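These figures come from a predicted structure and were not determined experimentally.
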Amino acid sequence: MEQTIEQNQKGKSLSDHKNKREQWCKEDVLKLAQHFHCFNKEKAMYNRVTHFEMTSLKKFNEIKKDIQKMKIYLTLEKDDRDKITCVPQLEVNDNENLVFELTPVAEISKQNYFGDFLVPKIFKDFVWNNWKDIEMHLIDDLFHCLGKKYDTDLKSLVRVEYFEFDDIAKNIQSFEGDITAITLYPGIDMNKFGKKDWISFTPVLGIKPRIDNGQSRKGLFEFNNDETYAEYSRPCPPTCPKE
């Protein structure tokens, strides 16, 4: 864990990761929605991202027993209507050298990822269907609220930059087998939608271990067979750690 990694997943440099985070912060509010869609030329319509997958888990499994904290940063690549250009980053232990990108997926052949058989019904009804059904022009509002990033700031409209997932991070240490899949599911909490002081975008992290030995799932969202789901514990802004 002490070793510095100059380049991590797929040779991405630290500056590349930082630039993508900055792009998210700087992007025009009216352009955010397009980063979660890609154009389907065959159907002449836009497909919305259904989930994000970690495609390389080798390094993550090597450090699994040392994980104390996890954050999901929202980041953007350059505009390209032919692909999803929101590519979240999972950062471990506040270490900028331990960053894993999550690849967006817009549609699944032969499976309906919004079907009843892949996720628990409560989870699906609570956040996932809301994401699937919301109108495109309303997506921009999901990532903003009235608040402040630092205590010394004046209260204003702020954009969420990352979500903390510390509960599931500590739970991962108890998994005896390797993690075989990490998936980020976008969602919307309609109880927060339209409320000025809340971020209504509600990402849920799915972790799938190779073997489930009955590890503790206290504080987690719920589970379905071999996948455990967890909500975030803190969005920043507006609930950033005190500096």
Handout entry: Residues clustering with Val29 (ILVMFWY side chains joined when closer than 4.5 Å, directly or via others)
Key = Leu30
Any donor-acceptor pair under 3.5 Å linking the side chain of [X] with the backbone of [Y]?
X	Y	value
Asn40	Asn47	no
Asp153	Tyr150	yes
Lys59	Phe100	no
Asn61	Leu57	yes

Practice task
Would you kindly confirm whether Ile63 and Met54 end up in one hydrophobic cluster when ILVMFWY residues are joined by side chain heavy atoms under 4.5 Å apart?
Solution key: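 Both belong to a single hydrophobic cluster.
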Handout entry: Leu138 reachable from Val160 in the ILVMFWY side-chain graph, under 4.5 Å edges
Key = yes
With rounding to the nearest 0.5 angstrom, report the [atom1] to [atom2] distance, [X] to [Y].
X	Y	atom1	atom2	result
Ile134	Ser200	CD1	OG	7.0 Å
Ile72	Phe165	CD1	CZ	5.5 Å
Asn19	Leu76	CG	CG	12.0 Å
Asn93	Glu96	CG	CD	13.5 Å
Gln173	Asn171	CD	CG	9.5 Å
Leu184	Thr103	CG	OG1	11.5 Å

Handout entry: Option among Ile207, Ile172, Thr55 that satisfies the side-chain contact (heavy atoms from CB on, under 4.5 Å) test with Ile182
Key =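 Between Ile182 and the candidates, side-chain contact (heavy atoms from CB on, under 4.5 Å) is satisfied uniquely by Ile207.
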Handout entry: Near-ring test Tyr73/Phe163, centroid separation under 6.0 angstrom
Key =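 No.
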Practice task
Verify whether the ring centers belonging to Phe201 and Trp131 lie closer than 6.0 Å.
Solution key: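 Aromatic pair counts; centres sit under 6.0 Å.
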Problem - Exercise: do Thr183 and His51 side chains pair donor with acceptor under 3.5 Å - result: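 Side-chain D/A pair, Thr183 to His51: absent.
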Exercise for the section: Establish, from distance only, whether the side-chain atoms of Gln89 and Arg21 form a donor-acceptor pair under 3.5 Å. Expected result: yes
Practice task
Mind running salt bridge (charged side-chain N to carboxylate O under 4.0 Å, His left out) on Lys155 and Asp197 for me, showing each step along the way?
Solution key: CA-CA 10 Å; Lys155 199 170 186 179; Asp197 296 328; 3.6 Å; yes
Using side-chain heavy atoms (C-beta onward) and a distance below 4.5 Å, is [X] in contact with [Y]?
X	Y	value
Leu146	Val158	no
Pro186	Pro203	no
Leu154	Lys148	no
Arg48	Lys132	no
Leu102	Glu53	no
Val49	Val105	no
His144	Leu32	yes
Phe60	Leu98	no

Problem - Distance-minimising heavy-atom pair for Ile67 and Met70 - result: CG2-CG, 3.9 Å
Handout entry: Over all atoms of both residues, closest heavy-atom pair of Thr50 and Ala106
Key =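 Where Thr50 meets Ala106 most closely, the heavy atoms are CG2-O, 3.4 Å.
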Handout entry: Electrostatic pair Lys208:Asp178 at N-O distance under 4.0 angstrom
Key =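 Here Lys208 does not pair with Asp178 in a salt bridge, since their nearest N and O are not under 4.0 Å apart.
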Practice task
Evaluate the side-chain contact (heavy atoms from CB on, under 4.5 Å) criterion for residues Cys236 and Glu161: first the C-alpha distance (whole Å), next the side-chain angles of each, then the deciding distance (0.1 Å), finally the verdict.
Solution key: CA-CA 6 Å; Cys236 173; Glu161 298 177 23; 5.8 Å; no
Exercise for the section: State whether Phe143 and Arg159 meet the cation-pi test: NZ (Lys) or CZ (Arg) under 6.0 Å from the six-membered ring centroid, and within 45° of the perpendicular axis. Expected result: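 No; the conditions do not both hold, so Arg159 does not lie above the ring face of Phe143.
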Practice task
With side-chain contact (heavy atoms from CB on, under 4.5 Å) as the test, would you mind laying out the steps for Tyr185 and Tyr229 before giving the verdict?
Solution key: CA-CA 9 Å; Tyr185 301 94; Tyr229 302 98; 3.6 Å; yes
Problem - Derivation and outcome, side-chain contact (heavy atoms from CB on, under 4.5 Å), residues Leu205 and Tyr232 - result: CA-CA 8 Å; Leu205 198 62; Tyr232 63 86; over 6 Å; no
Problem - side-chain hydrogen bond (donor to acceptor under 3.5 Å, both in side chains), paired with Thr85, selected from Glu27, Gln34, Glu77, His35 - result: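 Option passing the side-chain hydrogen bond (donor to acceptor under 3.5 Å, both in side chains) with Thr85: His35.
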Exercise for the section: Quick one: do Ile188 and Val127 satisfy side-chain contact (heavy atoms from CB on, under 4.5 Å)? Show the steps, please. Expected result: CA-CA 5 Å; Ile188 302 171; Val127 294; 5.9 Å; no
Exercise for the section: List for me each residue that meets side chain to side chain contact (heavy atoms under 4.5 Å, CB included) alongside Asp166, sequence neighbours excluded, and say none if there are none. Expected result: Lys69, Glu164
Handout entry: Geometric class of the Phe52/Phe36 ring pair [parallel <30°, tilted 30-60°, perpendicular >60°]
Key = perpendicular
